[in-house]
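Presented below is the structure to which this report refers.
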Protein chains: 2
Amino acid sequence: MTNINEYRRTSGLSPEYALLGLLEQSPAHGYELHQKLLENLGEIWHASLSQTYNILTRLEEQGFIQGTTQEQEKRPAKRRFRLTAAGKRRFEAWMSSISACSVRAIRVEFMTRLYFLYTRDPADALEAIQAQNEALQAHIVRLKERLSNIDSGQIFNCMGMSLRIRQLEVLVESLNECKTQIPIGS
Amino acid sequence: MTNINEYRRTSGLSPEYALLGLLEQSPAHGYELHQKLLENLGEIWHASLSQTYNILTRLEEQGFIQGTTQEQEKRPAKRRFRLTAAGKRRFEAWMSSISACSVRAIRVEFMTRLYFLYTRDPADALEAIQAQNEALQAHIVRLKERLSNIDSGQIFNCMGMSLRIRQLEVLVESLNECKTQIPIGS
DNA sequence: TGATATTAGTCATTCAGTGAGTATATTCCG
DNA sequence: CGGAATATACTCACTGAATGACTAATATCA
């Protein structure tokens with residue numbers, strides 16, 4: 001039960017979980033992971049190759065993945081990574097969590113989760129949208145309350161907040177539309 | 001003409017320019033700047049006090065601001081910052097630039113610029129909205145083209161892109177509404 | 001009188017993200 | 001057939017965003 005370092009902050013939004021998710025599907029080396037990321041989530045994340053390696057290095061230091069070096073005669077060594085038990089736990093915890101209620105977190109992190117949920121079972125994806133939308137709506141209510149407390153003379157604070165609220169409201173609509181685009185078994 | 005370091009990348013979105021702008025209004029020390037930021041743009045930026053100091057330190061290293069240490073008997077020294085000529089140039093360049101066409105950049109960076117433009121001359125703010133909106137619309141067109149080139153089997157790439165486009169479209173609407181909320185002389 | 005808030009700041013650390021560089025193998029084009 | 005481009009595979013050093021813990025003094029209120 002080596003759960004050293006297991007509870008770090010839930011990430012400031014990097015493709016970290018996407019990498020864990022890809023590794024959960026099958027072990028791979030960095031270059032390969034970068035390719036898959038581009039292919040499957042390329043419009044969502046924009047990680048450079050070296051950024052990908054950075055994250056992999058960190059994940060290994062934290063014990064979520066483990067790389068085995070494959071020496072190759074002539075060519076430089078490759079590293080094939082696989083998920084550790086701790087990594088699997090981290091990924092699963094993330095899969096059943098809810099994203100922060102910010103436009104970016106939803107568009108990027110939540111969409112990624114949706115992708116992995118969907119590849120397991122489309123029904124899970126629909127459920128996740130439901131849950132996320134409820135969280136979003138609750139958040140919108142809080143923000144509206146906050147907006148009403150801002151001195152209306154502070155027009156830029158008001159505008160900034162209104163703008164944010166409007167974006168979140170549209171996000172809810174968009175997620176509902178997404179539901180209709182996810183093909184389910186039925 | 002000391003323009004060493006003058007053309008760095010246009011910032012990955014930190015309250016940097018907000019600080020320059022506040023200093024352009026009048027010299028101040030870090031704590032004070034942090035207060036003003038909270039008051040005037042608190043719903044837009046969320047910089048901690050130490051983050052504010054970090055940025056001030058960097059801006060000084062880069063020669064955009066200059067601090068004079070005021071020794072005080074008993075209390076630790078204060079630093080009062082003022083804008084240098086290079087800092088003034090940097091700020092002005094930013095003031096007449098256009099923000100990146102991302103939701104966050106608009107909600108945060110552009111709104112900040114709007115605030116400073118407005119405090120100078122509300123008419124400038126209206127003009128800036130116009131320019132920014134045109135850039136946004138052009139960007140939306142590009143993104144739509146890109147969307148149409150994504151293999152429609154890549155449903156998550158498609159959804160991510162559609163979502164982003166929708167957000168930007170709403171942003172354009174919102175900015176137009178902002179125009180009506182900005183009181184002008186007339 | 002003691003607790004708490006305000007003013008004013010430093011320091012160390014983690015993580016995001018970029019750009020340049022290294023090295024080899026394959027493939028394509030003329 | 002040779003050279004150029006492209007794909008594979010990765011390292012390193014850096015800037016910068018952001019947080020949290022810490023220091024230290026004064027003012028204020030109960």
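Only heavy atoms go into these numbers, but all of them, side chains included; no hydrogens, no water, no symmetry mates. To find a chain, count down the sequence lines: A is the first, B the second, and so on, and within it residues start at 1.
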Quick one: do B:F91 and B:F116 satisfy ring pair (Phe, Tyr, Trp, His ring centres under 6.0 Å)? Show the steps, please. CA-CA 10 Å; B:F91 178 68; B:F116 287 109; 5.6 Å; yes
Pairing residues for B:Y118 by the ring-ring contact (aromatic ring centres under 6.0 Å, His included) criterion, not counting sequence neighbours: A:F156
Check the distance between C:dT14's C1' and A:F64's CZ and give it to me in whole angstrom. 14 Å
Between the side chains of B:N40 and A:N157, does any donor sit under 3.5 Å from an acceptor? no
Picking from D:dA9, C:dA8, D:dG16, the nucleotide nearest the side-chain atoms of A:H29 would be D:dA9
The nucleotide from C:dG17, C:dG9, C:dC15 with an atom nearest the side chain of B:Y31 is C:dG9
With a 3.5 Å cut-off and heavy atoms only, can you find an N or O donor on one side and an acceptor on the other between the side chain of B:N54 and the base of D:dA18? yes
Let me know the distance between CD of B:E61 and P of D:dA17, rounded to the nearest Å. 13 Å
To the nearest Å, how far apart are B:Y53 OH and D:dT19 P? 16 Å
Any side-chain N or O of B:Q62 below 4.0 angstrom from OP1/OP2 of D:dT15? no
Can you tell me how far P of D:dG16 sits from OH of B:Y17, to the nearest Å? 11 Å
Taking NE2 from A:H46 and C1' from C:dT18, how many angstroms apart are they, rounded to a whole number? 15 Å
Please classify the nucleic acid contact of B:I55 as base, sugar-phosphate, or nothing, using heavy-atom distances under 4.0 Å. nothing
Take the protein atom CZ of A:R80 and the nucleotide atom P of D:dA9, then report the distance between them rounded to whole Å. 10 Å
Transitive ILVMFWY side-chain link A:L38 to A:F81, under 4.5 Å: no
Shortest side-chain distance from A:S48, nucleotide among C:dT18, C:dG9, C:dA16: C:dT18
Can you work out whether B:S50 or A:L49 has the more 5'-proximal nearest nucleotide on DNA chain D? A:L49
Which one, C:dT6, D:dT11, D:dG16, comes nearest to the side chain of B:R58? D:dG16
Single-linkage hydrophobic cluster B:L163~B:L136, side-chain heavy atoms < 4.5 angstrom: yes
Measure from CD on A:E16 to C1' on C:dT14 and round the result to the nearest Å. 12 Å
Whole-Å distance between C:dT10 P and B:Q51 CD? 14 Å
